[in-house]
Amino acid sequence: NNNNELYVYLSTAPTSKPVKVNLEGLSTTIKEVRIGDSENIWILGDDGRVYGIGTNSQGQLGASIPAAGVNISGLVAKYIGIQNVKSIGYGIQHFPYIGTDGKYYSIGMNSSGQLGQEDKNSKKVFTELVWNNPINYAIYNYSTLLFVENDTALYVAGGDRPFTRIDIGGETNIPKLVTNFGSKIESITGGSSDDIFVGAINLLNGEMHHYGTSYYFSKGLFNGEGHGLKKMIDNDGNLENTTNLKGSIESYSGIAMNNLTRKIFTWGYDPGGALGLGYYHTVPNGTGGMTTGDKKSFQNIAFDYTGKEVVEVYSAPEYLKVFLTKAGEVYWFGQNNGNYQIGAVGTRSNIPLKLSNLPPIQKVVFGKYHTLFLDKDGFVWSVGNNTNGQLGNGTTMTSGLYYKVTSLPKIKDIASGPYSSYAIAENGDLYAWGQNQHGQLGVNDLTMRTTPRKVLGIPPVKMVDGGMKNGLIVTEDNRLFVTG
């Protein structure tokens, strides 16, 4: 209207009356309104910020709005994280606009190239995150980016829900400091599963910290204590101390190794024997029957360590636990889902079982339903779900047999997204394959790859990781690049 206010009809009924739509947080004047289709409205305020209503299934409302979008019934248009805008356009599930710098930008669906250029939020090639200090380490936990500055400082960005930012507020596209541990961050774990946002941080001083949401004692202690960082504690008295730990948390349970004794401990929910107790832990369900139970940290697993030196432990999606010995043996327990996550070795076990038909292994990584192994000779093996070509065998056929990815050179490191796979050659070259509909492989297109593809135009890589719709690399000179 003449007062620059926006009114909408929530119904097509003849008796329907227009109702006012407000802008989130600020009492700014509306400058422009654009309607893309029946699902999206974009609003430009005179403050240069963009506000939106409707679905965000293709990213058309930006990175700070959940995929479910903004329901018009709330009568509040949410700030979508885009500012310094001069003018806005509209499209079907994509949003073009002109910045105050005079440049053209676009976000959202690009299945037909409708964005016209590299869009501000989505990338098809690895693009540097400009940062003043060295970035030593980074991972994606589903859609949340976690990275380490100067070995000890943890930062967070992204995340599609408020609790996926470790209780850190602010705009999701701006990295925020979580904490400086004062001790080197050795590794961060968590996330190929969208079921629950949770993970672990392992420090050089032997401390293990957890973050995210706790269900079924997934973080080892009382549920619902928030989403921020906390140090792992021994709630059941089975551990000598908690200052020599290295572990991993995924979904509803976790696993840790005592660095001194090399013994393994578990906690959390026990479907399929995920805690490795030697029995399936059940509790009364309140109606006269029994149901799967959970346990606090830390529980001893049922394993004979004689002649076995454990060197690494992993918590995988779907209630699967894995550990490696110094000799390169791979053991598993828990639930091996129907997609052959760990191979055609049975559906579940409450005790550790050794995998056969593999050479000595030095590292294991997990997608949502597939697994990669790096053997001690630098060869990559794959198994499990393959609907996106993530096994690298030239097909999309799921397999319970271990496949040697023969098209790769000698490899020094591997990583995985939920449905994508990555490998770093000894010379720092990066290879990627699997799902790519969001550009997460960084190969400058949106085409799925069923065999490894060398990623061009990037510096030598020292680490790589995949998120739900993203990929990242840390270069040998400690710079972070992202794609997707």
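All heavy atoms count here, side chains included; hydrogens, waters and symmetry mates do not. Computed from a predicted structure; not experimentally measured.
Atom NZ of Lys376 has more than 12 heavy atoms from other residues, nucleotides or ligands within 6.0 Å. Under a cut-off of 6.0 angstrom, the local environment of NZ in Lys184 is sparse, with at most 12 non-hydrogen atoms contributed by other residues, nucleotides or ligands. For Met290, the CE atom is densely surrounded, since the number of other residues' heavy atoms within 6.0 Å is greater than 12. Crowding of Tyr340 atom OH: a count of heavy atoms from other residues, nucleotides or ligands under 6.0 Å not exceeding 12.
Cation-pi geometry between Arg348 and Tyr319 is not satisfied (NZ or CZ under 6.0 Å from the ring centre, within 45° of the ring normal).
Here the side chains of Leu146 and Leu154 are in contact, with some heavy-atom distance below 4.5 Å. In this structure, Leu320 and Phe366 have side chains that are in contact, with non-hydrogen atoms separated by less than 4.5 Å. Using a 4.5 Å heavy-atom threshold, the side chains of His370 and Ser416 count as touching. Side-chain contact check for Phe181 versus Ile201: some heavy-atom pair is nearer than 4.5 Å.
For the 3.5 Å distance criterion, the side chains of Thr325 and Lys308 fail to qualify, holding no donor opposite an acceptor. Residues Thr398 and Asn386 bring no donor and acceptor atom of their side chains to less than 3.5 Å of each other. Side-chain atoms of Asn150 and Asn136 include no donor-acceptor pair closer than 3.5 Å. Judged by distance alone, the side chains of Asn141 and Tyr211 do bring a donor and an acceptor atom under 3.5 Å apart. Side chains of Asn385 and Gln390: a donor on one and an acceptor on the other come within 3.5 Å. Between the side chains of Gln341 and Thr371, at least one donor N or O sits under 3.5 Å from an acceptor N or O. Between Thr447 and Asn436, the side chains place no donor N or O within less than 3.5 Å of an acceptor N or O (distance only, hydrogens not considered). A side-chain donor-acceptor contact under 3.5 Å links Glu149 and Asn133.
A distance-only check finds a donor-acceptor pair linking the side chain of Ser248 to the backbone of Ser315 [under 3.5 Å]. Of the possible polar contacts, one joining the Tyr402 side chain to the Ile342 backbone as a donor-acceptor pair under 3.5 Å is found. Without hydrogens or angle criteria, Tyr422 side chain to Leu430 main chain gives no donor-acceptor distance under 3.5 Å. Listed for the Asn258 side chain is a donor-acceptor partner under 3.5 Å among the backbone atoms of Thr261. Not a single donor-acceptor pair under 3.5 Å links the side chain of Ser399 to the backbone N or O of Tyr403. Side-chain atoms of Asp270 come within 3.5 Å of backbone atoms of His281 as a donor-acceptor pair (strictly under, hydrogens ignored). In this structure, the side chain of Asp167 engages the main chain of Gly228 through a donor-acceptor pair within 3.5 Å. Judged purely by atom type and a 3.5 angstrom limit, Arg165 uses its side chain to pair as donor or acceptor with the backbone of Gly158. The main-chain N or O of His438 is found under 3.5 Å from a side-chain atom of Gln440 such that the two form a donor-acceptor pair. Judged purely by atom type and a 3.5 angstrom limit, Ser421 has no side-chain atom pairing as donor or acceptor with the backbone of Tyr419.
Of the charged side-chain nitrogens involved, none lies within less than 4.0 Å of a carboxylate oxygen, so that Glu476 and Lys462 do not count as a salt-bridged pair. Checked for salt-bridge contact, Glu250 and Lys321 miss the test: no charged N lies under 4.0 Å from a carboxylate O. A salt bridge links Asp413 with Lys363: the distance from a Lys NZ or Arg NE/NH1/NH2 to an Asp or Glu carboxylate oxygen falls below 4.0 Å. Under 4.0 Å is where a charged nitrogen must lie from a carboxylate oxygen, and between Glu128 and Arg479 at least one such pair does. In summary, Lys454 and Asp429 engage in a salt bridge, as defined by a charged side-chain N under 4.0 Å from a carboxylate O.
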Inset, instruction - Go through the steps to decide whether Ile255 and Ile264 satisfy the test side-chain contact (heavy atoms from CB on, under 4.5 Å), and finish with yes or no. - result: CA-CA 7 Å; Ile255 184 172; Ile264 297 172; 3.6 Å; yes
Inset, instruction - Output, in order, the C-alpha distance, side-chain angles, deciding distance and verdict of side-chain contact (heavy atoms from CB on, under 4.5 Å) for Phe323 and Met257. - result: CA-CA 9 Å; Phe323 62 91; Met257 174 185 71; over 6 Å; no
Inset, instruction - Could you walk me through whether Phe298 and Met232 pass side-chain contact (heavy atoms from CB on, under 4.5 Å), step by step? - result: CA-CA 10 Å; Phe298 291 95; Met232 285 295 303; 3.8 Å; yes
Legend entry - Worked check of ring pair (Phe, Tyr, Trp, His ring centres under 6.0 Å) between Phe303 and Phe333: CA-CA 11 Å; Phe303 184 66; Phe333 56 92; 9.0 Å; no
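Rounding to the nearest 0.5 Å gives a distance of 10.0 Å between OG of Ser349 and CG of Asn336. To the nearest 0.5 Å, the span separating CG on Leu391 from OG1 on Thr451 amounts to 12.5 Å.
Separation of the Phe379 and Phe373 ring centroids does not fall under the 6.0 Å cut-off.
Relative ring orientation between Tyr155 and Trp131 is described as perpendicular, the plane-to-plane angle rising above 60° on a 0-90° scale split at 30° and 60°.
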